[in-house]
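Working notes, structure below.
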Number of protein chains: 2
Amino acid sequence: MKETVKTFKALSDETRLRILHLLIEAGEICVCDMETVLGCPQAKVSRHLTILKNAGLVDDRREGLWVLYSLVKPADSTHAAVLKMLRETGGGELFSLDKKKLLQAIQQGRCKTFGVIKPEKIPQSMAR
Amino acid sequence: MKETVKTFKALSDETRLRILHLLIEAGEICVCDMETVLGCPQAKVSRHLTILKNAGLVDDRREGLWVLYSLVKPADSTHAAVLKMLRETGGGELFSLDKKKLLQAIQQGRCKTFGVIKPEKIPQSMAR
DNA sequence: ATCTGATATCTGTATATCCGTATATATGGA
DNA sequence: TCCATATATACGGATATACAGATATCAGAT
């Protein structure tokens, strides 16, 4: 049950929920794109990503200069249920704005992930 | 998304998770039975119940001297998903002990809810 | 080796949360 | 009305968390 508490604590912050919903939408993106979309300073984004990683909710991998984050493949049933719940509930209005901002960043060439890092992996919902 | 954060914060505490699992198991019980089962002081239980109530996760109703708490009928999809998740994940070892303690309290006549308040409503899993 | 861009960590401060203890409120009975 | 039981709330201290700003690390290019 201790682990479950850790999971819920990780989910108890608006910025972290926005990040998770962004990852649901985009699949895998770099930290600087999160800064762009969320409008948060770099240190803040990085700190929250560390928390999500320690809670076992996201994975990271380095790709050149960048670090790309994505949702984990859920290991236990709690995580699976949590991620399913997040997908189902959608995130509300604030996240709709984030999604719009990501789309704009892509269209205006300000998105690194789908601009220069891996343009071929752009998700359906974001492709023009 | 603000509401979602509130929900997760309410879930980010071991005592509160134990209470929720207890309510899943017992259906509706009074505060003093929770004290007995959880082994927590009255004020602590009451405080956590207030937090769960403010988060919209539990309902309460007065029955004479006692106040009986139960899980809400979920209003929105986030709550429904959360409660479903709690039911599915089961709560782990610590809660198994709580369940045992509830059973013992019933058998030894120390449980108010199913001893004097509403003995006819004792759940299947607890009946001898 | 040095420079630059991207990301992570440290530090101090403000705020939030949790807990134990004490006190208040509510209900029913003598 | 007074008492006993059940529950809720207020207060103060300890710990945890979030943030901004500064600094450190890391990878690649020159």
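In the text below, chain A, chain B and the rest are named by the order of the sequence lines, each starting its count at 1.
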| request: Take the protein atom CG of N54(A) and the nucleotide atom P of dA16(D), then report the distance between them rounded to whole Å. | output: 16 Å
| query | Between R61(A) (CZ) and dT7(C) (P), how many Å, whole number? | reply | 13 Å
| request: Verify the contact: side-chain N or O of R16(A) to OP1 or OP2 of dA18(D), cut-off strictly under 4.0 Å; return yes or no. | output: yes
| task | Report yes if a side-chain nitrogen or oxygen of Y69(A) is closer than 4.0 Å to either non-bridging phosphate oxygen (OP1 or OP2) of dA6(C); otherwise report no. | result | no
| request: With the side chain counted from C-beta on, respond yes when L86(A) and H21(A) share a heavy-atom pair under 4.5 Å apart, and no when they do not. | output: yes
| remark: Each nucleotide of nucleotides 25-30 of chain D classed B (base within 4.0 Å of a protein heavy atom), S (only sugar-phosphate) or -, in 5' to 3' order, makes --BS--
| message | Nearest whole Å is fine: how far is dT7(D) P from M34(B) CE? | response | 9 Å
| remark: Rounded to whole Å, the CH2-C1' distance (W66(A) to dG5(C)) equals 9 Å
| Separation of atom CZ in R110(A) from atom C1' in dA6(C), rounded to whole Å | 18 Å
| DNA chain C-proximal residues of residues 37-45 of chain A, any heavy atom under 4.0 Å | Q42(A), A43(A)
| said: Between R47(B) and L49(B) (side chain of the first, backbone of the second, donor and acceptor by atom type, cut-off under 3.5 Å), is there such a pair? | reply: no
| query | Looking at side-chain heavy atoms only, is the closest gap between K100(B) and S96(B) below 4.5 Å? | reply | no
| field | pair E25(A)-F95(A): side-chain heavy atoms closer than 4.5 Å | value | yes
| query | Are L68(A) and V45(A) connected, step by step, through hydrophobic side chains (Ile, Leu, Val, Met, Phe, Trp, Tyr) whose heavy atoms are closer than 4.5 Å? | reply | no
| task | Answer with yes or no whether the side chains of T113(A) and E28(A) bring together a donor and an acceptor at under 3.5 Å. | result | no
| query | In terms of side-chain heavy atoms, does D59(B) have a donor or acceptor partner in S70(B) at a distance below 3.5 Å? | reply | no
| message | Could you tell me if the side chain of V31(A) sits less than 4.5 Å from the side chain of E35(A), heavy atoms only? | response | yes
| task | Could you check how far CZ of R47(B) sits from C1' of dT21(C), rounded to whole Å? | result | 10 Å
| said: Base, sugar-phosphate or nothing for I51(A)? Non-hydrogen atoms, less than 4.0 Å. | reply: sugar-phosphate
| task | Please check the phosphate of dC19(D) (OP1 and OP2 only) for any side-chain N or O of H48(A) closer than 4.0 Å. | result | yes
| field | L20(B) side chain near V58(B) side chain, heavy-atom distance below 4.5 Å | value | yes
| query | Counting only side-chain N and O atoms of S46(B), is one of them less than 4.0 Å from OP1 or OP2 of dT9(D)? | reply | no
| query | Would you say dT9(C) has OP1 or OP2 under 4.0 Å from some side-chain N or O of T50(A)? | reply | yes
| Rounding to a whole Å, what distance do you find between D13(A):CG and dA16(D):C1'? | 14 Å
| message | What is the separation between atom CG on D33(A) and atom C1' on dG5(C), rounded to the nearest whole Å? | response | 14 Å
